[in-house]
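Here's the structure we're looking at; comments come further down.
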Amino acid sequence: MLMLSILFSFLGMGGAVIYVPLFYWLGIDLITAIAMALMLNVVTTASASVTYLRKKTVDLPTAAPFILSSAIAAPLGAYVSTSVPEEFVLHTFSVVVAAAGVLMILSKDIGENDTASNLGVKERLAIGIISGMFIGGIAGLLGIGGGIFLVPILVFLGFGVRRAPATSALVVLFSSLSGFLSHISNAQIELRTLAILGIVAFIGGQLGSHLMYLRVSSLRGFFETYFNKIFGLLLILISMMLQLSLL
């Protein structure tokens with residue numbers, strides 16, 4: 001759990017894409033698994049965002065429309081998740097995770113230099129609103145904060161190895177919080193367990209976000225060259241395991 005939160009905070013993601021199927025396979029009902037995963041997303045990304053904001057690596061003008069639209073869309077996704085059969089949500093989760101895996105594999109490598117400064121206000125607004133609605137929708141419906149989609153989008157737009165995860169973490173914080181608040185009334189969460197996991201997630205968020213600023217060339221080289229491919233394959237594997245469990 002600690003290693004996952006370190007890794008995902010380093011990447012600007014919350015980790016719910018792993019937590020939801022993990023909790024579900026441990027016997028927790030789907031809605032509760034989604035709510036718990038979103039809460040851990042909130043803790044991890046909030047912890048990481050404190051560091052990223054202090055280091056001034058968050059692009060607030062780009063993040064703002066993502067945050068607003070995702071926070072609005074998340075309750076709609078949560079409503080749908082409680083109105084449709086559990087199998088539908090799981091099948092949808094599997095397809096979305098597989099799509100995210102393919103996106104990660106095909107995404108270009110993250111560079112050191114940030115080249116997104118040429119984005120205009122209108123471009124930021126349009127991309128943020130459209131992508132944010134999608135991210136918020138899947139946060140509420142599936143319990144995924146959206147970082148697995150947002151980081152590749154930001155990289156495509158020219159954000160560098162530090163600014164892309166930092167900006168993503170802040171957006172995921174709010175999309176996950178909106179989704180969690182939409183699910184909390186229908187979830188059966190054991191507060192003691194969630195508190196323990198939350199403490200671990202907070203520590204992991206601090207460690208992962210500070211790791212971003214260490215000058216470890218071998219680690220950064222691995223991250224830039226191989227990680228998106230390995231993580232993409234992992235997401236596809238999770239998707240296949242979910243499909244097999246539903247047979």
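Hydrogens, waters and symmetry mates play no part in the numbers below; they use all other heavy atoms, side chains included.
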Inset, instruction - For residues 143-156, pull every pair meeting side chain to side chain donor-acceptor pair (under 3.5 Å), keeping only residues two or more places apart or in separate chains. - result: none

Legend entry - Remaining members of hydrophobic cluster (4.5 Å side-chain criterion), Ile72: Leu68

Between atom [atom1] of [X] and atom [atom2] of [Y], what is the distance when rounded to the nearest 0.5 Å?
{"X": "Thr193", "Y": "Ile28", "atom1": "OG1", "atom2": "CD1", "result": "8.0 Å"}
{"X": "Met36", "Y": "Leu197", "atom1": "CE", "atom2": "CG", "result": "5.5 Å"}
{"X": "Thr51", "Y": "Gln206", "atom1": "OG1", "atom2": "CD", "result": "4.0 Å"}
{"X": "Ile34", "Y": "Ser176", "atom1": "CD1", "atom2": "OG", "result": "12.0 Å"}
{"X": "Ser47", "Y": "Tyr52", "atom1": "OG", "atom2": "OH", "result": "9.5 Å"}
{"X": "Asn186", "Y": "Leu30", "atom1": "CG", "atom2": "CG", "result": "11.5 Å"}

Legend entry - Residues Glu86, Leu90; criterion side chain to side chain contact (heavy atoms under 4.5 Å, CB included); working and verdict: CA-CA 6 Å; Glu86 185 175 284; Leu90 289 170; 4.2 Å; yes

Any [X] side-chain heavy atom under 4.5 Å of [Y] side chain:
{"X": "Leu60", "Y": "Leu170", "value": "yes"}
{"X": "Ile105", "Y": "Ile236", "value": "yes"}
{"X": "Thr32", "Y": "Ile189", "value": "yes"}
{"X": "Leu242", "Y": "Val97", "value": "no"}

Going only through I, L, V, M, F, W and Y residues with side-chain contacts under 4.5 Å, is there a path from [X] to [Y]?
{"X": "Ile18", "Y": "Ile196", "answer": "no"}
{"X": "Phe23", "Y": "Met241", "answer": "yes"}
{"X": "Val50", "Y": "Val200", "answer": "no"}
{"X": "Phe88", "Y": "Phe93", "answer": "yes"}
{"X": "Leu237", "Y": "Ile144", "answer": "yes"}

Which side-chain N or O atoms in residues 125-141 pair as donor and acceptor under 3.5 Å with protein atoms at least two apart or in another chain?
from: Ser131; atom 1: OG; to: Ile127; atom 2: O; distance (Å): 3.0

Inset, instruction - Output, in order, the C-alpha distance, side-chain angles, deciding distance and verdict of side chain to side chain contact (heavy atoms under 4.5 Å, CB included) for Thr92 and Leu142. - result: CA-CA 8 Å; Thr92 304; Leu142 308 175; 4.1 Å; yes

For residues [X] and [Y], report the shortest heavy-atom separation together with the two atoms involved.
{"X": "Arg163", "Y": "Thr57", "value": "CG-O, 3.1 Å"}
{"X": "Ala35", "Y": "Ala187", "value": "CB-CB, 3.7 Å"}
{"X": "Tyr19", "Y": "Ala37", "value": "CB-CB, 3.8 Å"}
{"X": "Val171", "Y": "Leu150", "value": "CB-CD2, 3.5 Å"}
{"X": "Val20", "Y": "Gly143", "value": "CG2-O, 3.9 Å"}
{"X": "Val43", "Y": "Phe202", "value": "CG1-N, 3.5 Å"}

Between [X] (side chain only) and [Y] (backbone N and O only), is there a donor and an acceptor less than 3.5 Å apart?
{"X": "Thr167", "Y": "Val58", "answer": "no"}
{"X": "Ser178", "Y": "Ala74", "answer": "no"}
{"X": "Ser168", "Y": "Ala164", "answer": "no"}
{"X": "Thr44", "Y": "Asn41", "answer": "no"}

Legend entry - Any side-chain donor near an acceptor of the partner, Ser239 and Ser94, under 3.5 Å: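 Yes, Ser94 and Ser239 have a side-chain donor paired with an acceptor closer than 3.5 Å.
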
Inset, instruction - List the steps, then state whether side chain to side chain contact (heavy atoms under 4.5 Å, CB included) holds for Leu154 with Phe149. - result: CA-CA 9 Å; Leu154 293 175; Phe149 292 103; over 6 Å; no

Legend entry - Val42: which of Leu181, Val172, Leu173 passes side chain to side chain contact (heavy atoms under 4.5 Å, CB included):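 By the side chain to side chain contact (heavy atoms under 4.5 Å, CB included) criterion, Val42 pairs with just one of Leu181, Val172, Leu173: Leu173.
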
Legend entry - CA sep, side-chain torsions, deciding dist, call: Ile31, Ser81, side chain to side chain contact (heavy atoms under 4.5 Å, CB included): CA-CA 8 Å; Ile31 295 300; Ser81 71; 4.1 Å; yes

